[in-house]
Amino acid sequence: MNPIPNEVDLLVVGGGINGVGIARDAAGRGLKVLLCEQHDLAQHTSSASSKLVHGGLRYLEQFEFRLVRESLAEREVLLRAAPHIVRPMRFVMPHVPELRPAWMIRAGLFLYDYLARRDTLPDSHGINLRSAPYNDGLKPGLAKGFIYSDCWVDDARLVIANARAAVELGATVLTRTACTAATRDGERWRVTLQPESANPTIVTCHALANVTGPWAKQFINQNIHLPTIFGLRLVKGSHIVVPRLFGGEHAFILQNDDRRVVFVYPYEGRTLIGTTDVEYTGDPASCEASPEEIDYLCRAANRYFARTIKPADVLWHYAGIRPLFDDGAKNVSKVTRDYTLRIDDDTGKAPVLSVFGGKITTYRRLAEHALEKLAPWFPDMRPAWTANAYLPGGDLRALSLRDYTRALHDERPGFPLQYLAALTARHGSAVREVLGDAAELSQCGEHFGADLYAREVDYGLRCEWALTADDILWRRTKTGLFANAEQKQALVTYISKHFNPAVR
């Protein structure tokens with residue numbers, strides 16, 4: 001386990017995308033940073049998203065122009081920073097006249113293009129759904145549609161990349177370590193940290209960042225015992241994965257009869273469909289897609305696709321909790337996806353910054369805004385810097401991901417091209433760290449199914465805070481979709497035999 005420093009400038013509580021984004025930004029500005037996460041990095045909301053970096057086309061109907069503009073600008077920033085895990089995708093919207101008129105969609109897409117600072121992504125336009133390629137898999141009778149650009153992201157790996165960047169800049173990242181209590185002691189916080197398998201320890205910090213997502217209000221009230229008038233709306237979003245419904249690498253955005261939209265896109269050789277919006281009151285750590293949500297997503301897809309799907313066809317499903325700032329909206333689908341940052345400073349002493357809401361697309365700007373709010377307590381802090389910086393693995397030498405993979409294959413012809421493509425899609429230029437001195441697949445150790453070998457497992461355990469088989473199968477990779485029960489058990493056995501967390 002990483003040593004726990006006794007004193008830091010900023011202690012970040014929460015290892016989701018916003019927490020690691022703040023830790024990375026702060027460490028790069030010269031602050032001494034400690035981040036603690038009670039479970040695995042990205043274990044909850046940040047690995048259960050729709051896996052899209054997008055402006056939020058439907059937010060235009062709610063007049064959230066600031067959020068859309070910021071999101072569209074961040075789309076370009078993330079494409080440059082992490083081209084291995086953030087990739088352009090074209091989105092097709094079949095037109096159903098009784099749901100929204102064509103003029104409204106055209107106007108929305110025109111505004112979407114206008115608000116964007118597009119360096120690489122093509123603009124929107126109308127398309128004919130009677131001809132290839134975009135009619136593949138659709139029901140006959142859909143004649144007209146629209147197409148626009150957004151991006152796909154490997155959400156869990158984006159969290160890992162930011163955590164690695166923070167550590168490279170001097171931060172300490174502790175997983176399986178809960179912040180159980182914090183009290184003000186003069187101009188500092190006195191914080192109790194409780195690792196899973198060790199005695200509690202005390203750390204002092206000048207500022208505390210509450211980035212606990214669905215637990216943000218609970219953390220304020222129960223862990224640091226401060227009052228708060230701000231509320232959270234916990235909204236569950238569920239997704240399903242089914243056999244491939246259409247060819248091509250484009251996505252669909254489907255209008256549903258309740259005026260919500262559902263995304264459908266290729267995912268790990270299958271098709272992912274999501275999401276729902278359901279008010280949630282249970283434990284955020286144990287949410288699951290309900291039978292009603294699964295049925296809802298099947299019905300939404302069946303309005304458009306020739307192949308009928310039913311709950312029995314679902315290969316995998318997952319759910320996450322969106323911790324949205326309670327803006328008083330009656331309909332949970334209309335609750336703002338924008339973020340709110342609040343400082344409680346007790347007349348200038350030992351501030352605590354709390355993050356309410358937010359979305360994965362805007363995490364970097366959220367981090368900048370968080371550091372702006374904390375700047376009065378850190379007058380020597382360096383200025384903002386992340387807008388033009390690569391994330392670890394993101395420097396592909398100005399090559400596309402495909403060309404980078406081919407160049408790597410030229411260097412190491414002993415590996416199958418398909419295997420190298422899988423590794424570079426997860427690790428980018430850090431693939432060389434993963435492979436080390438291995439020259440062929442036989443040197444990568446035990447095989448755990450799909451494209452997962454012991455060498456990558458070792459890297460995840462050693463360098464990416466993985467501790468369990470689930471960490472590897474579902475967050476460092478998605479090989480859990482393909483591994484059978486025997487292979488999963490083999491991974492559990494391998495980790496218990498070869499990895500000792502006490503010497504991590």
Side-chain angles (χ1 to χ4, degrees), residues 2-16 18-38 162-163 165-175 177-195 200-213 215-228 230 339-356 358 363-386:
N2 293 331
I4 301 178
N6 295 323
E7 182 178 344
V8 295
D9 296 316
L10 176 65
L11 193 152
V12 180
V13 185
N18 291 327
V20 295
I22 291 171
R24 173 203 180 207
D25 193 338
R29 297 182 192 227
L31 299 188
K32 187 175 182 180
V33 178
L34 169 63
L35 179 145
C36 67
E37 161 57 44
Q38 63 178 338
N162 276 273
V167 169
E168 289 174 4
L169 292 163
T172 300
V173 172
L174 302 174
T175 61
T177 302
C179 175
T180 56
T183 55
R184 284 192 173 102
D185 183 6
E187 296 184 356
R188 298 180 183 180
W189 285 98
R190 182 178 173 84
V191 182
T192 303
L193 299 182
Q194 177 61 69
T201 188
I202 302 298
V203 174
T204 60
C205 62
H206 294 278
L208 189 64
N210 167 24
V211 202
T212 54
W215 293 272
K217 186 175 176 65
Q218 175 183 314
F219 182 83
I220 295 172
N221 296 151
Q222 298 181 15
N223 295 60
I224 57 178
H225 304 290
L226 294 178
T228 175
F230 310 115
Y339 53 84
T340 299
L341 307 178
R342 300 292 184 182
I343 287 270
D344 182 327
D345 65 351
D346 190 26
T347 64
K349 297 181 179 179
V352 54
L353 177 141
S354 292
V355 177
F356 299 90
Y363 85 90
R364 191 201 64 85
R365 280 294 286 145
L366 182 154
E368 284 189 338
H369 288 146
L371 270 296
E372 287 170 10
K373 282 190 168 289
L374 291 172
W377 289 272
F378 300 106
D380 297 328
M381 183 171 65
R382 295 195 287 267
W385 63 277
T386 58

Do the non-hydrogen side-chain atoms of [X] and [Y] ever get within less than 4.5 Å of each other?
{"X": "Thr180", "Y": "Pro200", "result": "no"}
{"X": "Leu10", "Y": "Ile22", "result": "yes"}
{"X": "Val20", "Y": "Val211", "result": "no"}
{"X": "Ile4", "Y": "Thr172", "result": "no"}
{"X": "Ile202", "Y": "Thr192", "result": "yes"}

Set of ring-ring contact (aromatic ring centres under 6.0 Å, His included) partners for Phe219, sequence neighbours left out: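 In terms of ring-ring contact (aromatic ring centres under 6.0 Å, His included), with neighbours along the sequence ignored, Phe219 is linked to no residue.
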By ring-ring contact (aromatic ring centres under 6.0 Å, His included) - contacts of His206 (at least two apart):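 Result, ring-ring contact (aromatic ring centres under 6.0 Å, His included) vs His206: none returned.
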Taking every non-hydrogen atom, the tightest pair across [X] and [Y]:
{"X": "Gly30", "Y": "Asp9", "answer": "O-OD2, 4.5 Å"}
{"X": "Cys205", "Y": "Leu11", "answer": "SG-CB, 3.8 Å"}
{"X": "Ala370", "Y": "Leu353", "answer": "O-CD1, 3.6 Å"}
{"X": "Cys36", "Y": "Cys179", "answer": "SG-CB, 3.9 Å"}
{"X": "Asp25", "Y": "Trp385", "answer": "O-NE1, 3.0 Å"}
{"X": "Val173", "Y": "Ala163", "answer": "CG2-O, 4.2 Å"}

Do Asn162 and Tyr363 pair up side chain to side chain, a donor and an acceptor below 3.5 Å, judged on atom types alone?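 Yes, a side-chain donor-acceptor pair sits under 3.5 Å.
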[atom1]/[X] to [atom2]/[Y] distance, rounded to the nearest 0.5 angstrom?
{"X": "Leu31", "Y": "Phe378", "atom1": "CG", "atom2": "CZ", "answer": "5.5 Å"}
{"X": "Asn223", "Y": "Asn210", "atom1": "CG", "atom2": "CG", "answer": "8.5 Å"}
{"X": "Thr201", "Y": "Asn6", "atom1": "OG1", "atom2": "CG", "answer": "6.5 Å"}
{"X": "Leu208", "Y": "Arg188", "atom1": "CG", "atom2": "CZ", "answer": "14.5 Å"}
{"X": "Arg24", "Y": "Thr386", "atom1": "CZ", "atom2": "OG1", "answer": "5.5 Å"}

Taking atom CD as the centre, does Glu372 end up with more than 12 heavy-atom neighbours from other residues, nucleotides or ligands that are less than 6.0 angstrom away?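 Enclosed.
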Counting heavy atoms not belonging to Arg184, are there more than 12 under 6.0 Å from its CZ?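 Atom CZ in Arg184 is crowded, with more than 12 foreign heavy atoms closer than 6.0 Å.
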Does Asp185 have any salt bridge (charged side-chain N to carboxylate O under 4.0 Å, His left out) partners at least two apart in sequence or in another chain, and if so, which?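 With sequence neighbours excluded, Asp185 shows a salt bridge (charged side-chain N to carboxylate O under 4.0 Å, His left out) to no residue whatsoever.
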Main-chain N/O of Lys349 paired to Trp377 side chain as donor or acceptor, under 3.5 Å: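 Between the backbone of Lys349 and the side chain of Trp377 there is no qualifying donor-acceptor contact (under 3.5 Å).
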Show your reasoning for whether side chain to side chain contact (heavy atoms under 4.5 Å, CB included) applies to Asp344 and Ile224. CA-CA 11 Å; Asp344 182 327; Ile224 57 178; over 6 Å; no
